[in-house]
Enquirer: 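Sharing a structure here in structure tokens format.
Sequence lines set the chain letters: A, B, ... in the order given, protein chains first and strands last, and positions in each chain run from 1.
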Amino acid sequence: MKPTASDRINSARLTSWAAALAICALLASGASAETATAPTGAAPLAAAPAGTDDPALQPLKLQRAVPRANGPWTPVDHGKFAALKGPFKSPRDVTSACLTCHTDSANQMKSTIHWTWSKKDPNTGHMIGKANVFNTFCANIKSNEQFCTVCHVGYGDPDPAHFVPFNERAENQVDCLVCHDRSGKYKKIPFLGGNPAVERTRVRPGCNEVYGTEEPYVDPPDLAAVAQSVGAPKRENCGGCHFYGGGGDGVKHGDLDSSLVKATKALDVHMDANGLNFACETCHVASNHLLAGSHYEVDAKPTGGALMRGSAHGGNPASCQSCHGDMPHKKSTLASTINMHTRDIACQTCHIPAMARGGVATKMKWDYSSAGKFGPNGTPLVLNDAKGDNVYWGVKGTFAWGRDVIPQYAWFNGSEDWMTNGEKLHPGADGVVEVNRISGSATDGKSRIWPFKIMRNNQPFDPVNNTLTIFHSFGFDDDAFTISGDWNRSITAGMKDAKLPYSGKFSFVPTRMYWPLAHMVAPAEKALQCAECHADGGRLASVAGVYIPGRGSDHQPWTERLGMLAVVLSAAGVIGHGLLRIMMWLRRRRGEAA
Amino acid sequence: MTTERVYLFKRFERFWHWSQAALVIALLITGFRIHGVISGFDVETGIRVHMYAAWALMALWAFAIFWHFTTGEWRQYIPTLDRAVAVARFYAWGIFLGEAHPYHPTPEHKQNALQRLAYLWVKILINPMIWISGLALLFMALNWTTLESARPFGVSLQTLAWAHTIAAYMMATFFVLHIYLATTGATPLAHIKAMITGWELNEQ
Ligand code: HEM
């Protein structure tokens with residue numbers, strides 16, 4: 001093998017180093033000939049007996065603080081605590097055990113929206129939160145609590161027909177395990193008021209996904225094993241509810257689904273399992289069990305530099321700006337041009353090029369008006385499309401799904417006007433009812449252009465009272481729509497439970513819901529290119545109030561017409577003039593020649 | 001017909017002319033790419049080249065203005081009607097018959113009446129309009145919404161962009177005419193050679 005240039009350089013380096021070392025050694029041995037032979041007394045530090053495992057004697061290795069999808073390591077092994085040895089008769093006993101050390105945790109939890117499902121909106125003064133608002137999926141929680149609280153951090157009565165209001169629950173009815181289980185074996189079961197299975201429980205047909213099993217039944221978890229596994233929440237814990245909202249994987253958000261558990265870099269640059277590997281709580285930092293960031297309080301336009309970790313600040317850690325600042329682009333030669341955009345364009349708009357990018361489809365449309373059909377065998381009809389997506393289900397209606405969906409864009413200042421229970425319809429400009437009307441404009445100084453998933457439905461309303469109806473959808477009783485398929489009956493039951501008037505008449509009205517996107521952040525090289533918006537018919541084609549170079553509708557039409565005309569006429573003029581010149585010159589030449 | 005050689009364009013003038021030409025061509029192409037009327041390369045490249053070329057052009061103009069005033073060459077652009085009708089008649093008629101150009105440039109008076117008017121128009125209208133609106137676009141884009149506070153001089157980004165576009169169309173029109181007129185010397189390439197070597201051919 002011929003030595004390469006670098007080999008030669010390396011060997012040259014080696015020789016010079018060797019020479020230098022030899023000289024040093026000579027000098028040193030001459031200078032310290034005496035001390036070298038003298039007895040030192042103290043044992044030399046490095047000369048440990050062979051085979052020692054004393055950590056102080058191991059080679060120096062620097063600790064790298066790698067953020068982990070699993071959350072931080074803690075100095076505690078809960079498996080060693082006597083209080084968690086079990087056996088536990090009920091999940092509440094586990095909570096009681098937790099509280100023997102974590103004395104204030106249940107109280108902290110009970111003040112957060114994860115528990116109350118209800119908060120006052122500082123913008124509108126309305127009571128919002130799951131317990132008070134409509135959505136365009138299963139519509140409303142009222143009268144369906146025993147089912148919906150499968151995603152509540154509490155334990156109610158396991159009787160499917162008996163809901164215990166959250167504020168009437170004891171401290172040991174807070175569910176620590178749903179967030180802190182790290183064994184993956186803890187699973188809350190629908191219809192049981194937030195409890196895991198207490199005995200072998202039959203899976204309701206067609207509902208395997210919400211029961212989290214392929215089997216026709218679920219067995220109770222080994223509560224002691226689960227309790228001993230606890231630690232910081234993993235993605236699977238948060239995802240157990242937030243990935244599966246709306247009735248299944250990816251259904252609700254568009255930017256949250258199970259593909260994030262082992263995210264690739266292309267899917268989410270921060271959650272990349274082989275890269276930064278952030279846990280959910282790396283951004284959604286918690287203190288006293290209160291987590292940063294919420295759809296109910298979106299910081300549409302955080303400004304200023306990055307927040308110093310550990311310093312006192314009033315900022316929201318669950319914002320891009322809290323780490324990146326509001327002038328984040330540095331590497332590109334277009335950095336200052338791109339940074340101009342941060343004033344008006346949310347980071348998410350360019351850095352989330354599409355939603356549902358992990359292969360899991362998200363639900364884009366639901367049509368309740370078509371629900372109620374039964375198959376030949378007498379059970380609710382189920383239809384799947386070629387991709388395996390469920391496009392019709394007798395108990396719910398018709399669905400449309402999307403993968404790699406391009407978001408919709410709108411000015412957004414973080415404030416949403418939620419339609420709360422009993423409120424008159426909020427029709428948008430096109431007549432479609434907006435259950436959470438977003439506000440924002442180019443001129444309010446508080447807005448940015450944000451990306452949204454828009455989820456549509458066609459859901460039952462009371463045309464006399466002009467309200468969306470609450471209906472009893474989920475239960476084992478005959479009033480439940482999923483049992484009887486009788487709208488009038490389930491609406492009557494739902495409105496009665498909500499103590500709201502129902503005229504007895506119902507019809508279906510198109511509805512719309514806005515989901516601001518913030519997850520599935522693509523790496524920089526996959527962010528939007530300029531021409532996605534700086535073009536005719538680009539992504540921001542319908543966003544008003546801003547001049548976008550390259551967007552035809554922003555041009556002054558007469559400038560374009562006259563400008564083009566001037567260029568074209570002068571080009572035509574000079575070509576004509578030139579041709580005439582050539583012709584005349586040819587003729588003159590022929591004349592001269594003749 | 002005899003011809004006479006005159007040394008018209010000094011070294012700086014020639015350098016200025018050709019570097020300005022290159023920059024203006026680059027700015028026209030990239031500007032209209034940004035504008036969305038031409039395609040063939042990405043907007044990123046368009047913006048990048050436009051920004052660098054714009055700064056280079058402004059630096060060049062700064063030198064050129066300095067040069068014009070220190071050398072007194074600015075007087076070349078003082079408007080005149082001297083032989084204007086004869087020049088106009090030449091382009092409309094005489095040129096087809098092979099007549100000699102009625103105006104003979106000298107180092108003191110390089111431009112005929114029509115050229116003076118055209119270049120004056122470029123210098124006092126198109127250039128400042130492009131320069132001012134372009135600079136304002138660069139700096140005001142930071143505040144580009146219709147927000148009142150985002151209009152420090154009472155003009156919106158849109159108005160600025162419109163002004164810049166109007167000037168760009170005028171520049172494009174000028175460019176087309178200018179290229180053609182460059183071929184109307186004693187021979188089609190005479191003017192162009194003059195701008196390269198400095199030496200112009202005058203037909204008597
Ligand atoms: C011959 C000279 C120039 C021509 C023909 C030209 C042409 C154009 C055109 C057609 C546009 C697109 C306008 C739109 O769609 O909004 C544009 C944009 C622009 N031009 Fe020029 N321009 C020239 C010189 C300059 C100069 C000297 C500057 C000064 C810095 C400048 C700065 C800009 C800026 C900032 C934009 C907006 C691009 C963006 O928003 O990123 N241009 N130019």
Enquirer: Under a 4.5 Å heavy-atom cut-off, does chain B meet the side chain of Asp554(A), its backbone, both or neither?
Expert: both
Enquirer: Do His577(A) and Phe96(B) have ring centres separated by under 6.0 Å?
Expert: yes
Enquirer: Please check if atom NE2 in His426(A) has more than 12 non-hydrogen atoms from other residues, nucleotides or ligands closer than 6.0 Å.
Expert: yes
Enquirer: Count the heavy-atom pairs under 4.5 Å between each of Met584(A), Gln556(A), Gln529(A) and chain B, then report the option with the highest count.
Expert: Gln556(A)
Enquirer: Heavy atoms, side chains only, cut-off 4.5 Å: are Ile47(B) and His534(A) in contact?
Expert: no
Enquirer: Show the nearest heavy-atom pair for residues Arg588(A) and Ile95(B), with the distance to one decimal.
Expert: NH2-O, 3.9 Å
Enquirer: Hey, is CZ on Phe41(B) packed in by over 12 heavy atoms from elsewhere, all under 6.0 Å?
Expert: yes
Enquirer: Take atom CH2 in Trp16(B); do more than 12 heavy atoms of anything else shown fall under 6.0 Å from it?
Expert: yes
Enquirer: Hey, are the side chains of Val567(A) and Phe175(B) touching, using non-hydrogen atoms and a 4.5 Å cut-off?
Expert: no
Enquirer: Please flag which part of Leu97(B) lies under 4.5 Å from any non-hydrogen atom of chain A: side chain, backbone, both or neither.
Expert: both
Enquirer: Is chain A contacted by the side chain of Thr183(B), its backbone, both, or neither, given a heavy-atom distance below 4.5 Å?
Expert: both
Enquirer: For Tyr180(B) and Ile575(A), indicate whether the former's side chain and the latter's backbone hold a donor-acceptor pair under 3.5 Å.
Expert: no
Enquirer: Go through the atoms of Arg581(A) and report whether side chain, backbone, both or neither lie under 4.5 Å from a heavy atom of chain B.
Expert: both
Enquirer: Please say whether more than 12 non-hydrogen atoms of neighbouring residues, nucleotides or ligands are located less than 6.0 Å from CZ in Arg561(A).
Expert: yes
Enquirer: What residues of residues 75-83 of chain B sit under 4.5 Å from chain A when only non-hydrogen atoms are counted?
Expert: none
Enquirer: Please state whether the side chain, the backbone, both or neither of Met583(A) comes within less than 4.5 Å of a heavy atom of chain B.
Expert: neither
Enquirer: Heavy atoms only: give me the nearest Leu138(B)-Met340(A) pair and the separation to one decimal.
Expert: O-CE, 3.0 Å
Enquirer: Under a 4.5 Å cutoff for heavy-atom pairs, which residue among Arg33(B), Met51(B), Glu44(B) has the most contacts with chain A?
Expert: Glu44(B)
Enquirer: After noting the C-alpha distance and the side-chain angles of Val37(B) and Met564(A), does the key distance pass the side-chain contact (heavy atoms from CB on, under 4.5 Å) rule?
Expert: CA-CA 10 Å; Val37(B) 298; Met564(A) 283 290 179; 4.0 Å; yes
Enquirer: What part of Ser332(A) is in contact with chain B, defined as an atom under 4.5 angstrom from a non-hydrogen atom: side chain, backbone, both or neither?
Expert: side chain
Enquirer: In terms of heavy-atom proximity below 4.5 Å to chain A, should Phe174(B) be classed as side chain, backbone, both, or neither?
Expert: neither
Enquirer: Nearest 0.5 Å, please: how far is CD in Gln158(B) from CD1 in Ile548(A)?
Expert: 10.5 Å
Enquirer: OG1/Thr559(A) to NE2/His164(B) distance, rounded to the nearest 0.5 angstrom?
Expert: 13.0 Å
Enquirer: Quick check for you: among Ile166(B), Leu181(B), Ile179(B), which has the greatest number of heavy-atom pairs under 4.5 Å with chain A?
Expert: Ile166(B)
Enquirer: Counting only heavy atoms not in Lys123(B), do more than 12 sit closer than 6.0 Å to its NZ atom?
Expert: yes
Enquirer: Could you tell me the separation between the CH2 atom of Trp162(B) and the OH atom of Tyr547(A), rounded to the nearest 0.5 Å?
Expert: 9.0 Å
Enquirer: Can you tell me which portion of Ala535(A) sits under 4.5 Å from chain B's heavy atoms? Options are side chain, backbone, both or neither.
Expert: neither
